[in-house]
Structures are given as C-alpha cells and as structure tokens.
Amino acid sequence: MDAIRVRFAPSPTGALHIGGVRTALYNYLLARKHNGTFILRIEDTDQNRFVPGAEEYIIESLLWCGLKPDEGPGFGGEYGPYRQSDRKEIYQAQVAELLRTGHAYYAFDTTEELEARREKDPNFKYDASVRMELKNSLSLPSGELQNLLDQGVPYTVRLKVPDNQDVVVEDLIRGQVHFQSQELDDKVLLKADGMPTYHLANIVDDHLMRITHVIRGEEWLPSTGHHVLLYRAFGWEDTMPVFAHLPLILKPDGKGKLSKRDGTRLGIPVFPLSWKGESAEDSFTGFREFGFDPRAVLNFLALLGWNSGTEQELFSLEELTQAFSVEKIGKGGARFDFDKAKWFNHQYIQTSPNDALAREFRPYLETKGLNISDAFLQKYCGLLKDRVHFLPEFWDAGHYLLEPAVAFDPEAVSKKWRPDLVPAMEGVISFIRDQAAFEAGPLHDAVTQWLKDQQIKPGDILTLLRIALTGAMKGPGVFDMMELLGKEASVQRLERALDHFKNSVS
RNA sequence: GGUCCGUUCGUCUAGGGGUUAGGACAUCACUCUUUCACAGUGGAGACACGGGUUCAAUUCCCGUACGGACUACCA
C-alpha cells in the first residue's frame, strides 16, 4: 500500500469542538500506525464565518493533546498552501476544467430567487428535473450566457449531476452506502464570491494533497455521493481516498449531538481549551483549564466509539497507535459520559509522579498567594493524589495542610471530643514532641505503642489527632501528615487544637 | 416531507447462529483503612419490536418503531 496520508480539516469558525479533537485523534492514529502523514488543512472558504483566533486555537489544541501535524500551516510540507483561502486560484482552474468538460455549469439564480422557490415548494431541489427551468448556462441561449458573463453578472458554478447512476461509497466503518444520482442535487461548487464550497475544495485538495483516507464526521455521509461524482467528473476516481464516517458524540442527557450549550448547561467542558468569545455566552472552559491531563482526554476520546477488542481501558498514545484500527470503530453515536472522563483523569493523576503533579498544581497555588517549597508540595501531592480527580482538587482535598490555620468542623469535634480526654491529649502531644524520628512509620509505631502502654483507647485519640491536623474527619494518614508538616508545625497544630477543643462546648 | 445512517446493562462497549451474553464507568453491599479516599470482593442491571431463514437467532434477511445526520452561494 502507498504511504498513508490523512488530513484533519477543521473550519476556523470558533473553538474546536471536542468531537473535532476525536476526529483529529483517529486520523493521527491511522497515520502514526502506518508511518503515514498527518496533515492539518484549514478550511476557511467561508469568509462570513471566519473567526479571528480560531486557527490559532485549533493548532494550540492539537499541540496540547500531543497531536502534532506533519504538514500544515506553520508545519511545513510539500503540498501547500494548507489554508484554503490561499488556494483560490487552484479551485478556479479546476472548475474551469469541469466547465470545459461539461460536468459543471454556470448558474445565475440569485439567493433571493432560490429562497422564493423554496418557500413555494419546501421540497425544492436544484436538480436535473428543474435545471432547465432555471437561469443557467444549460437553459440560457448561448449568446445570452456570454452576455451575462461579459456584464459581470454574479454567478455560481454548479455540478451537473448525471442521471440514473448508482453511486457506491465504500465506507470503512459502514460498508457499502448507495446513492441514486437522481436524488442528488446540483451542488454549488464555486460561490459568487469566487470561493469554492466545501464540496469542491475538499475533493480538489484531497486529490492534490494525495490523501489516501478521509476520516470525518458522520454529518458528511449524505454528501459523499456528490463527492464521488466529483472524483468521477475530474477523472480521479481510481485514486479516490477511502472513506470512514465517524459516529457522532451525543449529549450526556437527552437527545441529539453534543453541543457547546451542553457544556455551560451541565458545567462540564466540551472544548479542549478555554475560549473567550464575543460574549459570556460564547465563552467556555476547556478540558485543560478544568484540570484535565491531555493524556486522559485522549484516552477517553479514543474509547468513545472505538475499542481495541481487549479489556484494556488505559492506553498511552503509543499504545493507542499500536492497537488502533478504523474497522473497530463503532457505528452508533456515543454519548458523552463525563463521569467516565473524570475516572480516566483520576487514573492518570494516580499514576503521575509526584514531581509532575506538583509542577502542574503550583500555578493554582500561586493564585492563592501561597509559596510552598517543591519538596513539601511533591510530598503533599503524593499524599493526596488518591482522592483527587482534577488538578484544582489538590487544593480542596488538602488545603488545610497548606494554610497555617485549620478551621475545625464543629460536628466532628463534638462527636469525638470529651473533656476527660485532656490528660491523654496532653500526654500524647508531649510524647510526640519528644520523638526524634519524625517519619510516618516509626512515629506511628511509637505513638500506638505509647497509647497501649498508657492504656488509652487508640480510637479516642487518633481521631482527635486527625481533627487537630485537618479540622475534620478526612484526609491522609495522621502520621503521614505529621511527617509532611514536620515536628514543629505538627506540635503547634496539636496544641492549638487542644485549646480549641477545651473551649468547645461538649 | 425526502435522502442517508444507526439501535447489546443507566453510560461506553465485547461478542456473535448453540455463551451462565464478558468488561469498564456509574450505582448498591461488604472487606481493608481506628478518618476520607484508594484498592479488593460481591450484587443488581442489556441483546428495541414483529415477521421470516434455520434443528437453533441476540447474532443473517425483511419490515416496524425509535433515534440521529443531512436537506445553504456553512463547513
């Protein structure tokens, strides 16, 4: 087989949807698996929908996920330019060819005329059945055509869909899909502004860029018949890429495909990176800012509609590459399950080295104005990572260890504190103060032995020590926390807590 | 409306003519942890429906229902 060349071809009309990231991922995986080429192409042929910053956003998103294009705007490559707005002349030349061979024709119908037509007949389709009633180079007397062109009357170029052809698409995921050409309308190929439509541009570019596989969203399946016809019209059918249409990502609840609205509505990210739009309504929190590890995002996305056929759930990008195959992509839409995404991220946090976690968490700390040493923070992250799903939770789960003062939970205190425990508490604090080895293991052994010797019920005291350190009935092991805090800070906390306990009403 | 696509536990899915229909998330219980988590064990939980084909269908075929996408000079 020839070297595989795939492309991810987003349109810079705003933030890149998470479904787009999945499409990019599958393209990337296929390319990597076969030592092929992963190409980024920017489909910016709609000047009205162009959004400044969107292209940068797309690229930053891909890079954050680790999906670096081999070719694309800013990435080099022999088949550029990779931005469709820079390829205008190419499309126009190709359209001229189609016009010459009779596979396309000029159409002078205005948007208003067509709208009026659709209003009269909701089922109106610009196709062979009505072609001759409309204003185009097929229906116009030959002199009239030249006349209009000379006058500079705006026109579009449409595909002349042939009659009675069975168009077959071999889809890697769905098998054969048939279209009857008479059901297909004469799609606009070149718009009045001289820009190509998606249909024209994607065929021309895929051909010229020697794309071997088109992996794209299911929304393109209905127009794939047109695309095949276009390859035929150009005489490129023998090198036509193989198609694979991906199932959609569905809303977490209810019906329909996942939309950006669902993100705001449910308080979950649906974009890789945060995006600031014109309005608050058009601004979103990204997976990155939510505290996701890109590896978890990729892992989650990969399994949304695809699986290896084994029971493995956790995959590195390299493992995904090895295991991936387009044929194993499912056909049905996949519901976006945020709980699963959360679980994936938890897995990555649990297995991340403490220094990496500390490095990633530090920025959150700085927003709180706290300055904590690397050593402390690394140990801290190690102690807490089992109970954290997202990076920012490192704060919620253990902030009492980072802040000087502990806020005591009155309920916990009243549940565990009894005034007759004063001597035992004073005793254990002074015992702890006398310990030379301030490491969790030895400290644990020494204290529990001491409690035993003093005939004090460990349950009474250990929980109080915990409350003293954390303010509540939660958190890492008591002696782990003491080791982290060090003797001085630990004892100080214990003494302060005891004072607090004594003053509490019990 | 038309065209096209889809349908296995609540969710993501494995499987495939004869299986106790497997796993993961979520959920519940228990164990561990003198806390909370993590982890472990166990429970509950699915082949949309109707017809064929077949000795046998969840699996193949056809319908129906339901869902979705598309139906722009947007991608």
Side-chain angles (χ1 to χ4, degrees), chain A residues 9-13 43-49 84 107 109-111 114-115 118 121-126 154-158 169 171 173-175 177-180 183-185 187-199 201-202 216-225 245 247-248 250 252-253 255-257 300 303-314 328 330-344 346 350 383-389 397-398 412 416 448 451 457-463 465-467 469-470 472-478:
Chain A
S11 173
T13 53
E43 310 232 329
D44 57 347
T45 54
D46 187 349
Q47 300 167 328
N48 301 321
R49 292 216 302 158
Q84 289 184 329
D109 319 271
T110 65
T111 310
L114 292 174
E115 266 169 17
R118 283 192 193 97
D121 172 14
N123 288 329
F124 171 78
K125 241 183 346 182
Y126 204 123
Y155 63 87
T156 63
V157 175
R158 285 181 181 266
V169 178
D171 190 283
I173 295 172
R174 290 153 211 283
V177 179
H178 292 258
F179 298 92
Q180 296 304 315
E183 303 284 355
L184 272 24
D185 65 335
K187 284 258 181 284
V188 170
L189 264 21
L190 199 67
K191 301 184 262 185
D193 64 2
M195 278 293 199
T197 59
Y198 171 86
H199 306 295
N202 105 88
R216 77 224 303 193
E218 193 182 18
E219 67 270 27
W220 293 112
L221 192 49
S223 52
T224 306
H245 289 94
L248 266 13
L250 274 18
D253 57 347
K255 311 291 180 197
K257 67 173 174 181
F300 165 66
L303 276 286
L304 210 53
W306 171 86
N307 84 84
S308 66
T310 69
E311 285 181 357
Q312 185 176 353
E313 298 269 342
L314 265 16
K328 291 198 86 66
K331 298 178 185 27
R335 207 172 281 280
F336 183 86
D337 181 1
F338 189 70
D339 279 333
K340 191 87 179 238
K342 184 173 166 179
W343 176 80
F344 272 112
H346 187 210
Q350 280 191 86
L383 249 31
L384 286 152
K385 62 183 177 183
D386 276 347
R387 45 212 103 201
V388 165
H389 291 85
K416 290 293 171 183
T448 47
L451 290 172
K457 270 174 67 187
D460 284 345
I461 293 305
L462 256 22
T463 321
L465 292 181
R466 157 172 310 287
I467 297 171
L469 258 21
T470 71
M473 307 248 292
K474 61 175 184 182
V478 167

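Letters A, B, ... are given to chains in the order of the sequence lines, protein chains preceding strands, and every chain is numbered from 1. Small disclaimer: the values here were computed from a predicted structure and weren't measured.
Going from the P atom of B:C12 to that of B:A48 covers 14 Å, rounded to whole Å. B:U8 sits 9 Å from B:U13 when the P atoms are compared, rounded to a whole Å. B:A56 and B:G17 have their C1' atoms separated by 7 Å, given to the nearest Å. Comparing B:A26 with B:U20, their C1' atoms are spaced 24 Å from each other, to the whole Å. As rounded to the nearest Å, B:U33 and B:U41 have C1' atoms that lie 16 Å from one another. Of the P atoms belonging to B:A21 and B:G40, the separation is 26 Å, rounded to the nearest Å. Comparing B:C28 with B:G50, their P atoms sit 34 Å apart, to the nearest whole Å. B:G2 and B:U58 are spaced 31 Å apart, taking the P atom of each and rounding to whole Å.
Contact annotation: A:Lys191 side-chain N/O to B:C74 OP1/OP2 distance is under 4.0 Å. Applying the 4.0 Å criterion to OP1 and OP2 of B:G1, one finds that A:Arg118 has every side-chain N and O outside that range.
With both pairing distances under 3.5 Å, B:A14 is matched to nothing as a Watson-Crick or G-U wobble pair. In this entry B:G1 has B:U71 as its Watson-Crick or G-U wobble partner, both defining distances falling under 3.5 Å. Both distances falling under 3.5 Å, in either a Watson-Crick or a G-U wobble arrangement, place B:U7 opposite B:A65. Shown here, B:A44 forms no base pair; nothing in the strands shown gives a Watson-Crick or G-U wobble contact with both key distances under 3.5 Å. Remark: B:U33 base-pairs with no nucleotide; criterion is Watson-Crick or G-U wobble with both hydrogen-bond distances under 3.5 Å.
A:Asp44 contributes a side-chain N or O that, together with a main-chain N or O of A:Gln84, makes up a donor-acceptor pair within less than 3.5 Å. Side chain of A:Arg466 to backbone of A:Pro476: a donor-acceptor contact under 3.5 angstrom is found. Between the side chain of A:Thr13 and the main chain of A:Arg49, no donor-acceptor pair closer than 3.5 Å is present. Formation of a donor-acceptor pair under 3.5 Å by the A:Lys416 side chain with backbone atoms of A:Met473 is not found in this model. Distance alone, capped at 3.5 Å, places no donor-acceptor pair between the A:Lys474 side chain and the A:Ala397 backbone.
Across all strands shown, A:Pro247 has no heavy atoms under 4.0 Å from either base or sugar-phosphate atoms. Looking at heavy-atom distances under 4.0 Å, A:Thr310 makes no contact with the nucleic acid at all. The residue A:Gly477 sits close to a base: some heavy atom pair falls under 4.0 Å. Note on A:Lys187: nothing from the nucleic acid sits closer than 4.0 angstrom, heavy atoms only. Heavy atoms of A:His346 sit under 4.0 angstrom from primed sugar atoms or phosphate atoms, though from no base atom. Using a 4.0 Å heavy-atom distance criterion, A:Asp109 is classed as a base contact. Contact annotation for A:Glu115: no contact, since no heavy-atom pair falls under 4.0 Å across all strands. Within 4.0 Å (heavy atoms only), A:Gly217 reaches no atom of the nucleic acid at all. Residue-level contact check: A:Trp220 touches the bases, meaning some heavy atom is under 4.0 Å from a base atom. A:Asn307 comes within 4.0 angstrom of sugar-phosphate atoms only, judged by non-hydrogen atoms across all strands, and of no base.
The structure places CZ of A:Arg118 at 12.0 Å from NZ of A:Lys125, a figure rounded to the nearest 0.5 Å. The CG atom of A:Asp337 sits 11.5 Å away from the CG atom of A:Leu303 when rounded to the nearest 0.5 Å.
When the C1' atom of B:C74 is taken as reference, atom CG of A:Asn202 falls 14 Å away, rounded to whole Å. For the pair A:Phe344 CZ and B:G23 P, the interatomic distance rounds to 17 Å; values are reported in whole Å. Here the P atom of nucleotide B:A72 and the NZ atom of A:Lys125 are 10 Å apart, to the nearest Å. Here B:C12 presents its C1' atom at 16 Å from CG of A:Leu248, a figure rounded to the nearest Å. Per the geometry, CG belonging to A:Asp253 stands 15 Å off C1' belonging to B:G67, to the nearest Å. When rounded to the nearest whole Å, the span between NZ of A:Lys328 and C1' of B:C12 equals 15 Å. For the pair A:Lys474 NZ and B:C38 C1', the computed distance is 16 Å after rounding to whole Å. If you measure from atom CG of A:Asp185 to atom C1' of B:A72, you get 10 Å, rounded to the nearest angstrom.
For the pair A:Glu313 and A:Lys340, the tightest heavy-atom approach, listed with the atom from each and the gap, is OE1-NZ, 3.7 Å. A pairwise comparison of heavy atoms in A:Asp171 and A:Ile173 identifies OD1-N, 2.7 Å as the closest pair.
The side chain of A:Asp386 has B:A37 as its nearest neighbour among B:A37, B:G23, B:C73. Relative to the side chain of A:Thr45, the nucleotides B:A75, B:A24, B:C73 differ in distance, and B:A75 lies closest. Of the candidate nucleotides B:U35, B:G67, B:A75, B:G67 has the atom lying nearest to any side-chain atom of A:Lys255. Considering only side-chain atoms of A:Arg466, the nucleotide from B:U35, B:C73, B:A75 that sits closest is B:U35.
Mapping A:Met473 and A:Glu219 onto RNA chain B via the closest heavy atom, the residue that lands nearer the 5' end is A:Met473. Between A:Trp343 and A:His199, the residue anchored closer to the 5' end of RNA chain B is A:Trp343, taking for each the nucleotide with the nearest heavy atom.
Taking A:Ser308 as the reference, A:Thr310 meet the side chain to side chain donor-acceptor pair (under 3.5 Å) condition, with sequence neighbours excluded. Partners of A:Lys187 under the side chain to side chain donor-acceptor pair (under 3.5 Å) rule, at least two apart in sequence or in another chain, are A:Asp185. For A:Glu219, there are no side chain to side chain donor-acceptor pair (under 3.5 Å) partners two or more places apart in sequence or in a different chain. Remark: A:Ala341 engages A:Phe292, A:Phe300, A:Phe338 in a side-chain contact (heavy atoms from CB on, under 4.5 Å) (not counting sequence neighbours).
For B:C74, the base has a donor-acceptor partner in the side chain of A:Arg49 [N/O atoms by modelled type, under 3.5 angstrom].
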Seminar exercise, completed: Under a 4.0 Å heavy-atom criterion, the protein footprint on nucleotides 4-11 of chain B, written with B, S and -, is SSS----B
Where do N or O atoms of nucleotides 46-50 of chain B meet protein N or O atoms at under 3.5 Å, pair by pair?
none

